[in-house]
Protein chains: 2
Amino acid sequence: MTSTVAEENYIKTIFHLQEDVSLVSTNEVASYLNTSAASVTDMLKKLKLKRLVAYEKYKGFKLTSEGKKQALTIVRKHRLWEAFLVNKLQFRWDEVHEIAEQLEHIQSKKLVDKLDEFLGYPKFDPHGDPIPDSNGKMYEQIQTSLAEMNIHESGEISAIGNQSTALLELLTHNNIQIGTKLVIHAVFSFDKSMEIKIPNAPLFIISYELAKHLFVKKVGYDPKNSS
Amino acid sequence: MTSTVAEENYIKTIFHLQEDVSLVSTNEVASYLNTSAASVTDMLKKLKLKRLVAYEKYKGFKLTSEGKKQALTIVRKHRLWEAFLVNKLQFRWDEVHEIAEQLEHIQSKKLVDKLDEFLGYPKFDPHGDPIPDSNGKMYEQIQTSLAEMNIHESGEISAIGNQSTALLELLTHNNIQIGTKLVIHAVFSFDKSMEIKIPNAPLFIISYELAKHLFVKKVGYDPKNSS
DNA sequence: ATTTTATTTTAGACAAATCTAAATTTTATT
DNA sequence: AATAAAATTTAGATTTGTCTAAAATAAAAT
Ligand SMILES: [Mn+2]
Ligand SMILES: [Mn+2]
Ligand SMILES: [Mn+2]
Ligand SMILES: [Mn+2]
């Protein structure tokens with residue numbers, strides 16, 4: 001019924017990988033978890049036996065609905081703990097992922113629900129990722145990478161696609177955080193860098209590399225009028 | 001350098017058992033941890049190799065100073081998390097031990113110290129047990145079991161030596177909690193039961209079984225005058 | 001001082017999670 | 001369609017933490 005820490009890490013990994021594609025491969029999981037393909041195959045057999053993944057050898061795999069349900073409770077715990085660390089204990093958001101990787105495996109439904117209540121039922125974690133509620137429901141992220149946006153479009157930073165201290169340093173330097181509104185003033189084809197405007201600051205340029213890791217909720221932009 | 005969860009559980013167990021006696025035995029640890037004596041011997045070899053216990057076969061064992069230091073950080077985490085669960089998340093004190101058994105193994109010095117600060121540097125956990133500070137120092141518990149006290153002595157409940165829901169139920173019924181002041185009005189030799197007085201309640205009788213599990217800080221009682 | 005009992009350790013086995021190397025299957029390339 | 005390359009699985013080990021049963025040692029009882 002309950003899963004080990006190792007099993008939970010595989011379940012969560014498959015969950016994240018299958019957000020993009022319908023079937024996940026052995027090697028994808030192996031490289032994500034820094035483990036060998038052989039170990040992944042071993043674990044898949046175990047998870048199949050527990051009916052948490054749908055798996056046929058050589059064919060790829062995905063979570064069953066029970067597997068997805070378990071994944072959502074792990075993701076819920078991970079993000080709630082991250083919110084706790086940042087909102088209550090004053091950690092920076094680049095410090096919390098590692099600790100949440102441990103805390104997400106604590107087993108106690110009551111603890112999670114009380115933590116959720118204590119935090120005021122937050123809908124998003126410090127990186128802008130949605131937190132599943134106790135039924136596994138969470139907000140959709142209707143957002144695009146800033147790198148894919150065009151000149152004159154505007155939006156609001158909704159998530160950060162990388163949790164490194166190096167990225168935080170750059171964002172802090174430029175006064176960018178989740179919730180910051182921006183308008184794209186120019187896009188330079190040479191290096192795909194962008195000139196953007198944010199409130200209370202002069203225009204400045206950000207690299208394509210940076211733009212790729214910033215996710216934006218578009219505003220003032222009606223898809224019906226976009227021909 | 002860092003220890004596994006299993007190792008930490010042995011270290012903590014030896015720490016608690018050696019509070020009473022100078023040398024701990026294999027069987028004591030085995031029965032405390034509900035494991036076999038053979039497993040304890042196996043683990044002792046490992047802990048000896050890591051220089052965390054002083055152990056000679058057939059002779060008993062105790063923690064080295066490094067072992068004690070590690071034990072204190074585990075106890076610190078355990079009790080701080082219990083304080084968090086009760087003081088911030090509104091758990092009852094009979095619900096928190098199991099969860100703290102998991103949380104005490106989370107590895108992050110910074111987390112523990114921030115948690116301590118967030119809680120306002122509590123000196124005692126919800127069961128009245130002292131919380132080591134970040135240097136491993138903690139208040140001495142100058143307390144005796146209520147069962148060992150005599151008629152006319154008075155004191156204040158400082159710790160509960162058992163964390164069962166059944167005990168909490170009885171204490172709640174009698175309006176006893178940590179901090180409650182009491183005076184012993186009578187001790188009945190037949191069954192060692194005691195008649196006690198607490199503020200705002202009539203005299204009532206408690207069993208020897210209960211008294212054994214209540215720890216009391218004596219007050220208004222000067223040992224110099226006790227002939 | 002023997003003998004009996006209790007305690008502790010050793011021997012050997014097992015499950016979980018991992019690995020490397022070899023075998024198999026699938027996919028891509030000529 | 002045959003062959004080469006890539007991906008995946010299997011075979012066989014290894015480490016950690018556990019177990020039972022047997023052997024060794026220590027403690028208690030006669
Ligand atoms: Mn994270
Ligand atoms: Mn996050
Ligand atoms: Mn406890
Ligand atoms: Mn406690």
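First the proteins, then the strands, lettered A, B, ... as listed; each starts at 1.
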- Message: If you go through the side-chain atoms of B:Y58, does one of them form a donor-acceptor pair with the base of C:dT7 closer than 3.5 Å?
- Response: no
- Presence of A:T4 side-chain N/O under 4.0 Å of C:dA17 phosphate oxygens OP1/OP2: yes
- Item | Under 4.0 angstrom between B:T35 side-chain N/O and D:dG17 OP1 or OP2 | no
- Query: Under 4.0 angstrom, heavy atoms only, what part of the nucleic acid is B:A6 near: base, sugar-phosphate, or nothing?
  - Reply: sugar-phosphate
- Message: Please confirm whether the shortest side-chain N or O distance from B:K57 to OP1 or OP2 of C:dT10 is below 4.0 Å.
- Response: yes
- Message: Please check this pair: side chain of A:S193 against backbone of A:I206, looking for a donor-acceptor N/O pair closer than 3.5 Å.
- Response: no
- Does B:N27 have a side-chain nitrogen or oxygen under 4.0 Å from the phosphate oxygens OP1 or OP2 of C:dA6? no
- Taking the six-membered ring of A:F91, is NZ or CZ of B:K114 closer than 6.0 Å to its centre and within 45° of its axis? yes
- Message: Ring of B:F118, cation from A:K88 - is the NZ or CZ under 6.0 Å from the centre and inside 45° of the axis?
- Response: no
- Phosphate contact (C:dT10 OP1 or OP2) by B:T41 side-chain N/O below 4.0 Å: no
- Message: Nearest to the side chain of A:S25, heavy atoms from C-beta on, is which of D:dT8, C:dA17, C:dC19?
- Response: D:dT8
- Query: Taking it one step at a time, do A:H78 and A:H97 satisfy ring pair (Phe, Tyr, Trp, His ring centres under 6.0 Å)?
  - Reply: CA-CA 8 Å; A:H78 184 101; A:H97 181 74; 4.8 Å; yes
- Ignoring the backbone of A:A38, work out which of D:dT8, C:dA21, D:dG17 is nearest its side chain. C:dA21
- Task: Determine the contact category for B:T26: base if any of its heavy atoms lies under 4.0 Å from a base atom, sugar-phosphate if only primed atoms, P, OP1 or OP2 are that close, otherwise nothing.
- Result: sugar-phosphate
- By the Watson-Crick or G-U definition, both distances under 3.5 Å, D:dT30 is matched with C:dA1
- Give none if D:dA2 has no partner; otherwise give the nucleotide forming a Watson-Crick or G-U wobble pair with it, both distances under 3.5 Å. C:dT29
- Task: Report yes or no: do B:D113 and B:S134 form a side-chain donor-acceptor pair below 3.5 Å?
- Result: no
- Task: Identify whether any heavy atom of B:S36 sits under 4.0 Å from a base atom; if not, whether one sits that close to sugar-phosphate; answer base, sugar-phosphate or nothing.
- Result: base
- Message: Does B:F61 reach a base, just sugar-phosphate, or nothing at all? Heavy atoms under 4.0 Å.
- Response: nothing
